[in-house]
Amino acid sequence: MPKGMSGASAATRKPWPQSVAAQVFVLQLLVMLLLAVLSDLTLVYETRSQTVRGARHQVLAVAAGFATPPGVAAALKSANPTAVLQPTAEKARRTSGVDFVAVLSRDGVRYTDVRPDLIGKRAAGDFGRALAGESYTELFRGAPTDAVRAVVPVTDADGTVVGIVTAGLEISTVSSTFYRQLPLLAAGAAGSLALATGAAWLVSRRLRRQTHGLGPTEVTRMYEHHDAVLHAAREGVLVIGADDRLSLVNDEARKLLQLPADAEHRPLRGLGLPPSMVRLLASDRNVDDAVQPVGGRLLAVSVRRTRRDGHGPAGGVATLRDTTELRALAGRAEVAHERLELLYRASAEIGSTLDVVRTVEELADIVVPQFADVVTVDLFDAVLRGDEPEPGAASSVRRVVVRGAVEAWPFHEAGSSLRYEPVTQQRRTIDGEDAVLVPDLARSQAWRAPDPEGAQRVLRLGFHSLLTVPLRARGVVLGLVMFWRAGQPPFQQDDVSPAEELTAHAAVCIDNARRYTREHATAVSLQRSLLPRDLPRQDAVEVAHRYLPARSGVGGDWFDVIPLSGARVALVVGDVVGHGLQAAATMGRLRTAVLTYSALDLPPEDLLLHLDQLVTRLDAAYQEGGEDHTVTGATLVFAVYDPTSGRCVFAGAGHPPPALVRPDGSVEFVDVPANLPLGLGSVPFQTTDIGIPPGSRLILYTDGLVESRGRTIDTGLELLRSVLTDTEPDCESTCRTVIEAMVPSRSHDDAALLVAGTRRFPADNIAQWDVPADFAAVGAVRAQCMRQLERWGLGTGFTTELILSELITNAVRYGAPPVTVRLLRHHALICEVCDASNTAPRVVQAAESDEGGRGLYLVAQLADRWGVRYTGHGKVIWAEQSLAQGHGTALS
């Protein structure tokens, strides 16, 4: 070929980059460009999807917020829903930023719309899911415009769907939001591409420096000289082919393996190598520093198989290092490695629980048999109780653990109490000295002092050395650890440091467990002191109860049984958020508040309202004091049972519903209104009033009984229902069965359970009369009451007559008709006078010249207890007198 044509051909190929660095730059740039385009397309698609999802969430929130208030359901039932709802819907639309908010009838006819001309017309679409009570969003296409639309049913108090609320954003609105983000996405794409170009340029520049601008041919030429470099290496190198033949060997490998000159391309088995070395080199696995004896040397062999993932030639590469001179240090390195491994295991395994004994056992499990043949651990009794031992205050300790391979250990067993006298080396360790090493037990006498006969048996068992180390944490000695060796080499000075590190770590863990034990005992004691021990006497219900603290400590679960006026009783179960002392103290405050409010005979809904306000004030006080504890979220269920009528009023604040077991064994959960938990500023609390047959059982509990980490509350309620179906009628048996079936052995949450068997007041122990609004009728009613007391055989006539006279006279004079008198006889005689007035009577201090004003004062002096409670029809003034032994009557 002519010279000119060759030059023209070269000139034609010149535009493609010649150097390795330039070629890498072009390839990287193309790849980055492709990745940038793909990522931007993905980002555009994801942004559009997020815009639509955001629109769905927005319109669903607006529709649900408009449909939830009770006034919407009431307006839909009114004569002119449009007049009531149109202004409100328009205001909600403008406030929320959606394009329309429409209220529809069950038939889909618009009551409100952003376009007044559409009011009265049926909205397009299928609203069957909404009529079934489901809220949903949809991408609506149709008249009057395409939109992202939310459909939410409007329900009345009994859950019936009375209408539909739709809210939406037009597709054009959603698209405009997306289009506004496109410039930003484009800018991001341009920035990403610029950054990728810069990164590729930097990589190309770096590669150009390292290759000095060489092309592929020059780089190939450089690698042709690798053979010279390979033979100059101080490590032996072998390249093994796929057929287990030696492809390449350097000079160092020839010398170490004593290979013949024609070793290359020969099979490994024909080179005179030891069989173990041949198997190692020919194995299909990677090997790191495997030591092989070859020709009187110890070689560290590493093998790497090639052609991994389909790259490179098949075979392997082996490197050899002469480690003969390093083997002298191998023993000491191995010991150091074992010590490091021991310390690592100790840091990972000791202290896994906050239990003192278990922490000591973890220490013993780690050191035996790796560090010692037998280990004994002695602790002060104060440490086991959770207290901090006082230095020098006591010399007696308790042996907690004896761990080792010896079956008949000659010294004291675990659980025994020991006393070390001042002359013993153990006493010096307890008093705060450092570790004491006894390398030869046969020559030492100090360690034998506590038990000379046992020491002789120790020597006969072959024990030859002892290392005693104090358990010291925060400068306080908690006990001591004694390491004994028989089959291992005697303890040396080098063993003292790891032993001290082991015991120091264990001591910190033991001290943490000790302090936790103390705090847990304090919290449990506080919790027990705040919970009722002996429930007060009352005849309305038979009661059984349980409280089980959580594994992590006590919490805020509590219960109470509170006698009320009129032979009624209040049953309370509550749960305060959190665990520990703060939760227990807060629980005590709430329980005291419930007792106080109950003493005022407040209705259940008013009592919960006062508690809600109290929780709000407590949280405000905690925040002002800089505490992170909060009471908000505390739950409660409060039930008042009246044995005279068999009615029970329930009020709850975010608490699981009580269960009712009827006499026939059927179980149902009381439908208590779902009020919010305490402290959330809820609307006035609602109540439920139901009739309960005598012989039924009420089960009140906290969520720790039905809910756990592996069980949802719905599953727990169904399990509780099935358990209660098979329980005995006895309350104590019911309580025991429920706890055994529902609460795991180590629960993460505390649980409280209250089982109350209901009774009815016998009809012949109730007497009631209507009082005419005339002072002349007071004497006649009083006489009827006294005759009733005679029939009951009660000897409280004069006192009761005076109390009734004052109460009835005050009701006729200051109250409003109708006036009613009722007598109740059980363990006490209760006199009740009811009228329709809400005026609050009070005891006043009458002057000496006053003719009246002493009525309630006399009642307060003569009765054991008296008070006033308000009803929906007025008030009841009551007075209670205790009866002599034998006059009480049991309830049925």
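Residue Y814 places its OH atom among 12 or fewer non-hydrogen atoms of other residues, nucleotides or ligands, all under 6.0 Å distant. Residue-environment remark: CD (Q686) stays at or below the threshold of 12 foreign heavy atoms within 6.0 Å.
With hydrogens and angles ignored, the 3.5 Å screen pairs no side-chain donor or acceptor of D557 with any backbone N or O of T702. In terms of modelled atom types and a separation under 3.5 Å, the side chain of N810 and the main chain of R813 share no donor-acceptor contact. A side-chain donor-acceptor contact under 3.5 Å links Y641 to the backbone of R759. Counting only distance, with no hydrogens or angles, the side chain of T616 and the backbone of D612 share a donor-acceptor pair below 3.5 Å. In this structure, the side chain of W558 does not engage the main chain of V572 through any donor-acceptor pair within 3.5 Å. Between the R711 side chain and the M742 main chain, a donor and an acceptor come within less than 3.5 Å of each other. Not one N or O on the side chain of T799 forms a donor-acceptor pair closer than 3.5 Å with the backbone of A863. Although no hydrogens or angles enter the test, the distance criterion places a donor-acceptor pair under 3.5 Å between the side chain of S722 and the main chain of L719. Not one N or O on the side chain of E728 forms a donor-acceptor pair closer than 3.5 Å with the backbone of D730. The backbone N or O of D671 lies less than 3.5 Å from a partner atom in the side chain of T688, making a donor-acceptor pair.
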Intermediate values then yes/no, side chain to side chain donor-acceptor pair (under 3.5 Å), T160 and D158: CA-CA 6 Å; T160 304; D158 58 358; 3.1 Å; yes
For side chain to side chain contact (heavy atoms under 4.5 Å, CB included), just list the numbers for C648 and D689, CA-CA rounded to whole Å, side-chain angles, deciding distance to a tenth of an Å, and then say yes or no. CA-CA 6 Å; C648 188; D689 187 349; 5.8 Å; no
Step by step, would you call L611 with F685 a side chain to side chain contact (heavy atoms under 4.5 Å, CB included)? CA-CA 11 Å; L611 282 181; F685 290 89; over 6 Å; no
Steps toward side chain to side chain contact (heavy atoms under 4.5 Å, CB included) verdict (W866, I803): CA-CA 10 Å; W866 78 281; I803 291 175; over 6 Å; no
Give the C-alpha distance, both sets of side-chain angles, the deciding distance and a yes or no for side chain to side chain contact (heavy atoms under 4.5 Å, CB included) between T800 and C831. CA-CA 8 Å; T800 306; C831 304; 3.8 Å; yes
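To the nearest 0.5 Å, atom OH of residue Y597 and atom CG of residue L609 are 9.5 Å apart. For the atom pair CG (D619) and CG (L680), the distance works out to 9.5 Å, reported to the nearest 0.5 Å. A distance of 5.0 Å separates CG of L823 from CH2 of W792, quoted to the nearest 0.5 Å. The distance from the CG atom of D560 to the CG atom of L595 is 5.0 Å, given to the nearest 0.5 Å. The CG atom of D642 sits 9.0 Å away from atom CZ of R760, with the distance rounded to the nearest 0.5 Å. Taking CG of D726 as the reference point, atom OG1 of T734 lies at 11.0 Å (rounded to 0.5 Å).
Considering only residues two or more places apart in sequence or on other chains, D835 meets the salt bridge (charged side-chain N to carboxylate O under 4.0 Å, His left out) condition with K875.
Residues S598 and L607 have side chains in contact (heavy-atom distance under 4.5 Å, counting atoms from C-beta outward). Considering only heavy atoms from C-beta on, I690 comes within 4.5 Å of F650 through its side chain. Side-chain contact between C731 and R697 is present, with heavy atoms from C-beta onward closer than 4.5 Å.
Salt-bridge formation is detected for the pair R721/E718: a Lys NZ or Arg NE/NH1/NH2 atom is positioned less than 4.0 Å from an Asp or Glu carboxylate oxygen. Salt bridge status for R869 with E832: present, with a side-chain N to carboxylate O gap under 4.0 Å.
Using bins of under 30°, 30° to 60° and over 60° for the plane-to-plane angle, the ring pair H655/Y701 lands in the tilted bin.
In this model, no donor atom of one side chain and acceptor atom of the other lie less than 3.5 Å apart for T712 and D714.
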Would you be so kind as to tabulate the donor-acceptor pairs closer than 3.5 Å made by side chains of residues 766-783, with sequence neighbours excluded?
residue	atom	partner	partner atom	Å
W769	NE1	Q784	OE1	3.3
D774	OD1	A776	N	3.2
R782	NH1	S805	OG	3.3

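Of the residues listed (V541, L571, I699), the one engaging L754 in a side-chain contact (heavy atoms from CB on, under 4.5 Å) is L571, and it is the only one.
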